[in-house]
Amino acid sequence: MTGVLSLLARLGRTVLAALSSVGRVALYAFSAISHIFRPPYYPRELLQALLNIGWLSLPVVGLTALFTGGALALQIYSGGARFNAEAVVPQIVAIGMVRELGPVMAGLMIAARVTSSIAAEIATMKVTEQIDALVTLSTHPMKYLTAPRLLAGLITVPVLVGVGDVIGIAGGYFVATENLGFNAAAYLKNTVDFLEGLDVVSSLVKGCVFGGIATLMGCYYGMHSGRGAQGVGAATKTSVEVAAVLILAANFLLTGVFFSA
Amino acid sequence: MIRFEDVHKAFGSNQVLRGLTLEVPKGTSMVIIGGSGTGKSVAIKCVLGLITPDSGRILVDGEDTTHGDRDAFLARFGMLFQGGALFDSLPVWQNVAFRLLRGALKRPVAEAREIAIEKLRRVGLKPEVADLFPAELSGGMQKRVGLARAIAAEPEIIFFDEPTTGLDPIMAGVINELIREIVVEMGATAMTITHDMTSVRAIADNVAMLHDGVIKWTGPVADMDNSGDPYLDQFIHGRAEGPIEAVR
């Protein structure tokens with residue numbers, strides 16, 4: 001009986017701790033979003049964040065999309081051959097890249113590149129008292145550090161996803177026309193004809209949500225880092241893990257919202 | 001004047017401040033001494049609102065620090081952090097002029113840069129340092145830049161957190177002299193926390209000994225050597241034996 005009670009108590013504590021974490025992250029997110037709209041604004045920090053999160057992530061997102069699109073074309077061609085459906089390569093590459101792989105791959109690459117770097121930078125600022133210094137210099141860390149990064153994530157990641165979608169489709173196009181014998185004009189026509197506005201909108205909305213998740217998690221875990229190098233390392237690791245899982249969970253939910261009907 | 005009234009602060013089960021009561025008269029330099037982990041930094045951070053006390057009050061010129069306009073309140077303070085806490089991503093002059101480049105005290109960029117260079121000169125650094133990044137500076141230079149940043153907006157109250165930690169004795173002496181000169185010249189109220197007895201003698205008008213979360217002794221620096229307080233005596237003479245338990 002005591003063993004069962006102890007197990008229940010442990011389970012209860014875990015659930016409470018998890019719920020309290022969710023609550024803290026949600027409050028942090030609301031506060032961060034509200035600070036985007038309230039002055040003072042820091043345009044220099046926003047510009048820097050736009051550059052770091054958007055422009056400098058383009059190579060990694062672009063290359064990931066290119067190889068993913070190419071591999072997808074090969075897979076669909078060889079898989080489709082089992083039931084004489086090789087011809088659907090352009091359509092499936094387009095729908096696969098735009099609806100799913102483009103945003104998800106971009107989101108995960110942003111989590112790896114941007115979330116980790118934001119978490120490590122802010123956590124280091126915390127352990128070296130730079131965050132305290134900001135406060136004593138009458139600067140709100142949420143406004144100066146979190147709001148510009150969050151806004152930059154919300155703006156740039158959908159653009160990155162859009163560019164990644166195009167590059168991914170181009171990857172599939174090159175593989176299909178160069179290796180698999182597809183006609184270039186017909187491939188492009190099939191791609192354009194098959195894609196619908198909702199596919200593109202869903203892709204960009206996912207990009208926006210993933211950008212928000214990636215930057216928020218980096219900032220949240222950076223701000224709540226423990227002490228020393230170990231604290232910075234743990235904050236960085238946890239931020240990427242949580243961001244990646246949340247991105248995949250959000251992708252599932254958004255796919256349901258857009259396409260379940 | 002800064003006044004601590006029965007301030008308590010605990011972190012979990014660790015009771016750090018257990019009724020801190022202390023008064024720092026306006027325009028004087030108070031140095032708080034005490035062993036590591038006795039709550040010296042916590043006391044300073046409570047004044048600035050970086051840490052919220054569990055109970056008790058802190059008054060600055062009679063006003064409770066938790067009331068009123070926070071930005072206006074913080075604009076009265078300058079702080080030199082233990083490790084400098086310079087912003088890695090900004091060049092030295094922007095670190096020094098940080099407060100002058102944004103917020104209520106914002107000035108034109110050229111003017112802010114001029115003030116930053118003037119403050120750098122005041123702490124013994126050449127104008128060429130202005131465009132370097134903090135990572136390119138030695139520890140002593142970082143402390144000087146931190147000091148320049150602390151005084152850039154001409155604060156009424158300046159806090160110094162372990163100003164000489166990690167510096168060689170000569171550089172520590174230079175920083176001590178600079179602090180003393182600047183505090184006298186600006187007529188500021190200063191509160192310093194340190195373990196370094198040379199700093200205490202160079203900087204302090206008054207000394208307070210913090211132990212077990214309370215002030216064990218406070219008085220003018222001239223009375224420190226003849227206080228008759230066993231805690232203070234043990235600390236200033238660095239004895240392993242005495243009422244302060246030394247872990248071996």
Side-chain angles (χ1 to χ4, degrees), chain A residues 13 17 20 31 35 38-53 56 114 117-149 152 218-219 222-229 231-232 236, chain B residues 11 41-42 44-52 65 69-91 94-106 109 112 134-135 142 145-147 149-153 155 157-162 165:
Chain A
R13 271 196 296 273
S20 124
S31 169
H35 278 291
R38 284 187 286 151
Y41 307 110
Y42 296 103
R44 190 181 166 277
E45 279 63 39
L46 176 63
L47 203 66
Q48 187 73 44
L50 287 170
L51 190 73
N52 280 339
I53 297 168
L56 297 178
V114 173
S117 108
I118 291 176
E121 184 184 359
I122 295 182
T124 306
M125 288 183 76
K126 191 179 176 207
V127 300
T128 56
E129 294 187 302
Q130 291 179 51
I131 306 273
D132 285 349
L134 270 181
V135 176
T136 63
L137 293 165
S138 309
T139 304
H140 200 306
M142 198 68 131
K143 280 192 195 304
Y144 185 76
L145 296 173
T146 305
R149 284 166 173 80
C219 293
M223 289 281 192
H224 294 84
S225 150
R227 287 182 178 185
V232 176
T236 309
Chain B
F11 297 96
S41 293
V42 173
I44 276 189
K45 288 182 177 177
C46 283
V47 181
L48 293 168
L50 296 170
I51 293 174
T52 310
T65 54
D69 178 358
R70 185 126 186 87
D71 282 353
F73 172 75
L74 286 170
R76 301 173 63 189
F77 289 85
M79 174 146 180
L80 170 61
F81 285 85
Q82 188 174 345
L86 301 176
F87 305 122
D88 308 311
S89 56
L90 301 178
Q94 286 187 28
N95 264 283
V96 175
F98 192 90
R99 212 195 267 276
L100 307 174
L101 289 168
R102 40 185 74 73
L105 301 176
K106 189 172 177 175
V109 174
Q142 288 189 10
V145 174
L147 187 52
R149 184 173 70 182
I151 62 170
I157 302 162
I158 316 179
F159 290 157
F160 302 99
D161 186 358
E162 309 271 5
T165 299

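Here is the naming used below: chain letters follow the sequence lines, and residue numbers restart at 1 for every chain. Bear in mind the structure is a predicted one, so any value in this text is a computation, not a measurement. Computed over heavy atoms, backbone and side chain alike; hydrogens, waters and symmetry mates excluded.
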Sort [X] into side chain, backbone, both or neither according to what part of it lies under 4.5 angstrom from a heavy atom of chain B.
{"X": "A:Ile131", "result": "neither"}
{"X": "A:Thr124", "result": "neither"}
{"X": "A:Tyr41", "result": "neither"}

Please step through side-chain contact (heavy atoms from CB on, under 4.5 Å) for the pair B:Lys45 and A:Glu129, ending with a clear verdict.
CA-CA 11 Å; B:Lys45 288 182 177 177; A:Glu129 294 187 302; 3.0 Å; yes
Shortest non-hydrogen contact between [X] and [Y], atoms and distance:
{"X": "B:Arg99", "Y": "A:Ser138", "value": "NH1-OG, 2.8 Å"}
{"X": "A:Ala133", "Y": "B:Phe87", "value": "CB-CZ, 4.0 Å"}
{"X": "A:Gln130", "Y": "B:Leu86", "value": "CD-O, 3.2 Å"}
{"X": "B:Leu90", "Y": "A:Arg44", "value": "CD2-NH1, 3.6 Å"}

Does the side-chain contact (heavy atoms from CB on, under 4.5 Å) test come out yes or no for B:Leu50 and A:Thr136, once each step is laid out?
CA-CA 8 Å; B:Leu50 296 170; A:Thr136 63; 4.1 Å; yes
Step by step, work out the side-chain contact (heavy atoms from CB on, under 4.5 Å) result for A:Thr128 and B:Phe81.
CA-CA 9 Å; A:Thr128 56; B:Phe81 285 85; over 6 Å; no
For the atom pair CG (A:Leu137) and CG (B:Leu105), what is the distance rounded to the nearest 0.5 Å?
10.0 Å
Under a 4.5 Å heavy-atom cutoff, which of B:Asp88, B:Asp161, B:Leu48 has the most pairs with chain A?
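Counting heavy-atom pairs under 4.5 Å, the top option is B:Asp88.
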